[in-house]
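Numbering starts at 1 and runs along the sequence shown. As the structure lists them, so they are numbered: ligands from 1, and atoms in each ligand from 1.
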Amino acid sequence: MGRTRTYQWDDPAVLADAAGRMAGIDFLRELRAGGLPRPPVNHTVDFALDEVEPGRAVFSLTPGEEHYNPIGSVHGGIFAVLLDSAAGCAVQSTLPQGMAYTSLDLTVKFLRRITVETGTVRAIGTVISKGRQTALAQAQLVDATDRLLAHATSSCMLFPVPPAR
Ligand SMILES: CC(C)(COP(=O)(O)OP(=O)(O)OC[C@H]1O[C@@H](n2cnc3c(N)ncnc32)[C@H](O)[C@@H]1OP(=O)(O)O)[C@@H](O)C(=O)NCCC(=O)NCCSC(=O)Cc1ccccc1
């Protein structure tokens, strides 16, 4: 032991409420600008939303030891957190106010290992197809030289924002 990390986060209810009241692109732009609290998972894994435009979202993470699995590289689940976020938010960026989404699946291809030597990585999510009830998105995880580290596809379900309970 000897290595420690502490972090704080905000009440996630504030964010969920705002998501229900705003168009997807406005919500994500506000989140990106710091006008809304970052989601708790962003603090836990320490990754950030860098760019968002309709149909595209980019997240970044600088790998640290705290992301490691027992075999000396970044855990596959960390790849998945970035890819799920990028693909999902790409879909969210296309939704009008009153529509919500959730990812139904995530198919990940791990192409290269990530270590602390890899440096900052970026997950770039884009929408491939959007219907009335589902959307298909993809995400590419790349290093600073745009070398492909992983790829994912994700189906998302689209539905009206549920009434507040
Ligand atoms: C190595 C391979 C699987 C296959 O590569 P191929 O398709 O045949 O392609 P290619 O030969 O072009 O090599 C590509 C690059 O790989 C390098 N390389 C090759 N062989 C080795 C080697 N033996 N060892 C190290 N590196 C090797 C090679 O030099 C090249 O890099 P370079 O261009 O020289 O810089 C690759 O796709 C990969 O690393 N994927 C990421 C997997 C990953 O990170 N998964 C998630 C973490 S696992 C987890 O968390 C689960 C868990 C949880 C809990 C507990 C335990 C576990």
Within a distance under 4.0 Å of any heavy atom of Pro70, pick out the atoms of ligand 1 and give their elements. 54 (C), 55 (C), 56 (C)
Under 4.0 angstrom from atom 48 (S) of ligand 1, is there any protein heavy atom? yes
Number the atoms of ligand 1 from 1 as they appear, then name those within less than 4.0 Å of a heavy atom of Ile71, with their elements. 57 (C)
Contact check, Val74 vs ligand 1, heavy-atom distance below 4.0 Å: yes
As a check for students: among Arg112, Lys109, His75, identify the option with a heavy atom nearest to atom 53 (C) of ligand 1. His75
Closest heavy-atom contact between Pro39 and Leu31? CD-CD1, 4.1 Å
For Arg3, look at atom CZ and say whether over 12 heavy atoms of other residues, nucleotides or ligands are found less than 6.0 Å away. no
If you scan the protein for heavy atoms around atom 5 (O) of ligand 1, do you find one that is closer than 4.0 Å? no
Look up atom 15 (C) of ligand 1 and tell me if a protein heavy atom lies less than 4.0 Å from it? yes
Atom indices of ligand 1 within 4.0 angstrom of Gly76 heavy atoms, with elements: 46 (C), 47 (C), 49 (C), 50 (O)
Thr115, Leu149, Leu111: member with heavy atom nearest to atom 37 (O) of ligand 1: Leu111
On a heavy-atom basis, which atom in Leu28 and which in Leu49 lie closest, and how many Å separate them? O-CD2, 3.6 Å
Given that the side chain starts at C-beta and the backbone is N, CA, C, O, which of these parts of Arg147 lies under 4.0 Å from ligand 1, counting heavy atoms, or is it both or neither? side chain
State whether any protein heavy atom lies less than 4.0 Å from atom 11 (O) of ligand 1. no
Write down the atom of Ser103, the atom of Tyr101, and the distance for their closest heavy-atom approach. N-CD1, 4.4 Å
Using every non-hydrogen atom in the two residues, find where Leu141 and Val121 come nearest and quote the distance to one decimal. CD1-CG2, 4.1 Å
Hey, is atom 35 (O) of ligand 1 touched by any protein heavy atom at less than 4.0 Å? yes
Which residue owns the protein heavy atom closest to atom 24 (N) of ligand 1, what's the atom, and how far is it? Arg113 CD, 4.8 Å
Report yes or no: does Arg29 contribute a side-chain atom to a donor-acceptor pair with the main-chain N or O of Glu53 at less than 3.5 Å? no
Protein non-hydrogen atom found under 4.0 Å from atom 21 (C) of ligand 1: no
Going by atom types alone, do Ser73 and Thr115 pair a side-chain donor with an acceptor below 3.5 Å? no
Kindly say whether Ala87 contributes a backbone atom to a donor-acceptor pair with the side chain of Asp84 at under 3.5 angstrom? no
Return yes if some donor-acceptor pair links the side-chain N/O of Arg113 with the main-chain N/O of Gly72 below 3.5 Å, else return no. yes
Asn69 neighbourhood, listing ligand 1 atoms whose heavy-atom distance to it stays under 4.0 Å: 47 (C), 48 (S), 49 (C), 50 (O)
Okay, side chain of Asp50, backbone of Val58: is any donor-acceptor separation there less than 3.5 Å? no
Any protein heavy atom < 4.0 Å from atom 32 (P) of ligand 1: yes
Ligand 1 to Ser73 polar contact by distance, N or O atoms, under 3.5 Å: no
Any protein heavy atom under 4.0 Å from atom 39 (O) of ligand 1? yes
Passing candidate, side-chain hydrogen bond (donor to acceptor under 3.5 Å, both in side chains) with His151, options Lys109, Gln140, Gln138: Gln138
Which atoms of ligand 1 have any heavy atom of Phe110 under 4.0 Å away? 37 (O), 40 (N), 41 (C), 42 (C), 43 (C), 45 (N), 46 (C)
Would the distance check show the side chain of Ser93 and the main-chain N or O of Gly55 forming a donor-acceptor pair, the cut-off being under 3.5 Å? yes
